[in-house]
**Q** 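Quick one: the structure is below, and I'll ask about it shortly.
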Amino acid sequence: MDRAAELIRHRVTAAGGKMPTVAVVLGSGLGAFASELDGSVVIPYEEIPGWPRSTAIGHAGKLVVGSCNGIATAVLAGRAHLYEGYTAQQAVYGIRVLRRLGVESVVLTNAAGGINVSYRPGDLVLISDHINLLGQNPLSGPNDDELGPRFPDMTEAYSKAFRVIAREAAASLGVSMPEGIYVAVPGPSYETPAEIRYLRVIGADLVGMSTVPEAIAASHMGMRTLGISCVTNHAAGVVDQKLNHHEVLEVGERMKGTLIDLLRCVVPAIAGA
Ligand code: HPA
């Protein structure tokens, strides 16, 4: 991790850039924000020691460091998922490296299936809390006391203050953004209708295959997190329609403008909060 952090620091400072204080992780089909930064330095994941490569379709696999409305920001265009064969520890490698470089706030975005019947494909939903059904935790194994405590509190895994900021930003853009509980499942198969009924009963509004490892690792390191889901589809069985990854990417593509506008507002606001 030291070598990864040094490489990033070297590339960014050599290009005259500032070290980031905010990180934004972009989910499936949501990579467009990466090209919105000014004066950006692009580092493909394969050039960073230890950094897992993105193998998922719809994930670019590059770290972009640049300015978002004057705030030095690191954008992770593409992430590592458990369904690619990565461990939860590998999934949080990038967040841990960025913490070392001084990042304090994280925005996690994802594509998710809508379990809550009031959600429509194309909706943005603010994540208020999560349920971890991945069967893995990135903090398993010996604790690195330098990163954080053995038993970190998770009562506010998604910062209340950041949620207030995000709601205000959405309102200023005229975008409605309800709150919901995100459940992470390992995938890669989509859920059965019976599983979706079960997930609804246990309190989930959204289902996806990411985000939770990063949110846990960020909390562990004392970082504040904002989570935004893009509802790309009704979860299985909510409507009489089959699910496919192309639809997920297509809806993500349609929503990118709104998400970019929202992130442009939110990033400077959370950096100053
Ligand atoms: N289920 C799980 N993950 C997802 C879905 C879904 O319906 N849509 C986008 N990611």
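Numbering of ligands and ligand atoms starts at 1, following listing order. For this chain, numbers begin at 1 and follow the sequence in order.
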**Q** Give the atom numbers and elements of ligand 1 that come within less than 4.0 Å of a heavy atom of L243.
**A** 7 (O)
**Q** Quick check on contacts: which atoms of ligand 1 are under 4.0 angstrom from a heavy atom of T232?
**A** 8 (N), 9 (C)
**Q** Select one of side chain, backbone, both or neither to describe which atoms of N233 lie under 4.0 Å from any atom of ligand 1, heavy atoms only.
**A** side chain
**Q** In terms of atom number and element, which parts of ligand 1 are under 4.0 angstrom from non-hydrogen atoms of A111?
**A** 9 (C), 10 (N)
**Q** Which one holds for A112 and ligand 1: side chain close, backbone close, both close, or neither close, with close meaning a heavy atom under 4.0 Å?
**A** backbone
**Q** R200 vs V117, test: side-chain contact (heavy atoms from CB on, under 4.5 Å). Steps then yes/no.
**A** CA-CA 10 Å; R200 184 178 295 122; V117 294; 4.1 Å; yes
**Q** Indicate yes or no: at least one non-hydrogen side-chain atom of Y45 is less than 4.5 angstrom from one of P52.
**A** no
**Q** Counting heavy atoms only, which part of V207 comes closer than 4.0 Å to ligand 1: side chain, backbone, both or neither?
**A** both
**Q** Which pair of heavy atoms, one from T109 and one from V25, lies closest together, and at what distance?
**A** OG1-O, 2.7 Å
**Q** For ligand 1, which atoms have a heavy atom of M209 less than 4.0 angstrom away?
**A** 2 (C), 3 (N)
**Q** If I apply the N/O under 3.5 Å rule, does H234 come out as touching ligand 1?
**A** no
**Q** Check whether any side-chain heavy atom of L199 sits under 4.5 Å from a side-chain heavy atom of L133, and report yes or no.
**A** yes
**Q** To which protein heavy atom is atom 1 (N) of ligand 1 closest, and what is the distance rounded to 0.1 Å?
**A** E191 OE1, 2.8 Å
**Q** Applying the side chain to side chain contact (heavy atoms under 4.5 Å, CB included) test to Y158, which of T225, L126, I181 qualifies?
**A** T225
**Q** Please work out which of S229, S189, G208 has its closest non-hydrogen atom nearest to atom 3 (N) of ligand 1.
**A** G208
**Q** I would like to know whether H245 and Y190 meet side-chain contact (heavy atoms from CB on, under 4.5 Å); could you show each step before the answer?
**A** CA-CA 9 Å; H245 189 55; Y190 287 118; 3.7 Å; yes
**Q** Give me the nearest non-hydrogen protein atom to atom 5 (C) of ligand 1 as residue plus atom name, then the distance to 0.1 Å.
**A** G113 N, 3.4 Å
**Q** Are L76 and M1 in one and the same hydrophobic cluster, where Ile, Leu, Val, Met, Phe, Trp and Tyr link if side-chain heavy atoms are under 4.5 Å apart?
**A** yes
**Q** Does the salt bridge (Lys or Arg N to Asp or Glu O under 4.0 Å) test come out yes or no for E47 and R11, once each step is laid out?
**A** CA-CA 11 Å; E47 294 178 13; R11 295 268 185 105; 2.9 Å; yes
